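Everything on this sheet refers to the single structure shown next.
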Amino acid sequence: MKLFIDTADIEEIRTVATWGVLDGVTTNPTLYARIGGASYDEVLAEITRITSGPVSAEVIAEDVEGMLREGRHFAKIADNIVVKVPMSETGLQAIARFKAEGIRTNCTLIFSANQGLLAAKAGASLLSPFVGRLDDINEDGLIVIRELVSIVEIHELETEVLAASIRHPRHVTESALAGAHVATLPFKVFQQMVRHPLTDQGIVQFRADWEKARAALATGKGG
Ligand code: E4P
C-alpha cells in the first residue's frame, strides 16, 4: 500500500520523506491556504523536487475549459503532477479530456462507490473517497473504500483507490485491510502511527538497564 502525505507544508513533507515511507503528496486549496507565503505553483514545484511520486494539484474552476486550462498549467510544472478534479458532470468531462491528452487525474470529493465507478470509467488514475467527512455525518466512510476496491478488482479497472480524509491511525489500518491502493495522511497521523506507549516505555527501560549494567561493570560488580 502506498502512503501519501496530505499537506502543502514543505517541512512536513521533507520530514516524512526522510523516514523512507513517502510515496506521494496530495494538496488541496484548504491545505494551501494554511501555509501562505508562496504561490501555489511555487509550492507544487518545491514538492515535486522532494518526491518523485505523484503530487496532486487541485483545480478551482468549475467549468470544463477552466479545469483544462488550470490542469494543463499544473501538468507543465513537473512530470509527477496529477491534476485533482472534483466529482461532477463537468469534472467527469475534464477527466476524460485529460485522459485523452495523457495527463493523469485524481478524482476528488468522492462519497459513494457509484461516483468512484464513474470517475474510473472517465479515466481517472486515482479515486479519492473521503472517509473522515462521511464519518462526520454519521455514515461509515470505510464502506465506500471496501465497495470501491471490490468494484475496481472485480472489473479490473485501470485505476487506484486512494483513501482520503483520513483522521486517525485506525482509518489507515482499515483502509489497508480493505485493499485501498493508497492512503493520504495528515502529518499528525504519520506521527501517531510511529508512536506506541509500550515502545516509549521499552526504550526508557532498555536505556536504564544498559546504564545499570555499565555502572556495575565500572565498579567491578558486573558479570
Ligand atoms: C485529499 O486529497 C483530500 O483533499 C483531503 O484528504 C481531505 O481531507 P479533510 O476531509 O480532512 O479536509
Side-chain angles (χ1 to χ4, degrees), residues 1-10 12-13 16 21-36 40 43-44 47-48 50-51 53-62 67 70-71 74-75 77 80-88 91-92 94-95 98 103-113 115-116 119-120 122 124-145 148-149 152 159-176 178 180-193:
M1 185 197 204
K2 285 171 272 193
L3 296 179
F4 292 179
I5 186 166
D6 198 21
T7 186
D9 185 311
I10 299 296
E12 291 181 351
I13 297 166
V16 175
V21 300
L22 187 68
D23 297 304
V25 179
T26 50
T27 67
N28 66 31
T30 306
L31 296 170
Y32 169 63
R34 263 183 218 156
I35 56 158
Y40 193 32
V43 172
L44 291 169
I47 296 172
T48 59
I50 300 170
T51 180
V55 175
S56 289
E58 186 157 344
V59 298
I60 298 300
E62 291 174 24
M67 288 177 181
E70 290 175 17
F74 291 147
I77 294 174
N80 54 332
I81 289 280
V82 175
V83 179
K84 215 171 171 194
V85 181
M87 163 54 61
S88 65
L92 289 171
I95 288 167
F98 282 129
I103 294 174
R104 286 181 296 163
T105 52
N106 170 356
C107 185
T108 191
L109 289 166
I110 288 178
F111 292 94
S112 73
Q115 288 181 319
S125 41
L126 291 167
L127 313 174
S128 289
F130 277 33
V131 179
R133 291 195 197 186
L134 280 167
D135 288 1
D136 289 345
I137 59 162
N138 205 29
E139 291 193 30
D140 185 349
L142 287 161
I143 290 175
V144 181
I145 302 289
L148 203 44
V149 167
V152 166
T159 188
E160 292 185 307
V161 178
L162 187 166
S165 189
I166 295 287
R167 298 282 162 76
H168 50 72
R170 196 67 213 162
H171 275 158
V172 183
T173 308
E174 294 292 340
S175 296
H181 307 88
V182 192
T184 189
L185 328 179
F187 181 59
K188 183 178 158 220
V189 176
F190 271 108
Q191 290 178 306
Q192 289 171 324
M193 286 170 68

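All ligand and atom numbering here is 1-based and tracks the order in the structure. Because only heavy atoms are used, hydrogens play no part in the values below, and waters and symmetry mates are left out as well, while side chains stay in. The shown structure was predicted, so the numbers you read here are calculated from the model rather than taken from an experiment.
Take R104 and apply the salt bridge (charged side-chain N to carboxylate O under 4.0 Å, His left out) test, not counting sequence neighbours, and it matches no residue. Under the salt bridge (charged side-chain N to carboxylate O under 4.0 Å, His left out) criterion, K188 pairs with no residue at all, not counting sequence neighbours.
Within the 4.0 Å heavy-atom shell around ligand 1 one finds R167. Taking 4.0 Å as the cut-off, D6 counts as a neighbour of ligand 1 on heavy-atom distance.
For atom 4 (O) of ligand 1, the closest heavy atom belonging to the protein is N28 ND2, 2.7 Å. Nearest protein neighbour of atom 12 (O) of ligand 1, counting heavy atoms only, is R133 NH2, 2.8 Å. Looking only at protein heavy atoms, the nearest one to atom 7 (C) of ligand 1 is F130 CE2, 3.6 Å. Of the protein's non-hydrogen atoms, S165 CA, 3.5 Å is the one closest to atom 8 (O) of ligand 1.
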Intermediate values then yes/no, side-chain hydrogen bond (donor to acceptor under 3.5 Å, both in side chains), S128 and N106:
CA-CA 7 Å; S128 289; N106 170 356; 2.7 Å; yes
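Side chain of E70 to backbone of A61: a donor-acceptor contact under 3.5 angstrom is found. Although no hydrogens or angles enter the test, the distance criterion places a donor-acceptor pair under 3.5 Å between the side chain of T27 and the main chain of S56.
In this structure, H181 and V152 have side chains that are in contact, with non-hydrogen atoms separated by less than 4.5 Å.
Of all atoms in ligand 1, listed by their number and element, those nearer than 4.0 Å to a heavy atom of K84 are 1 (C), 2 (O), 3 (C), 4 (O).
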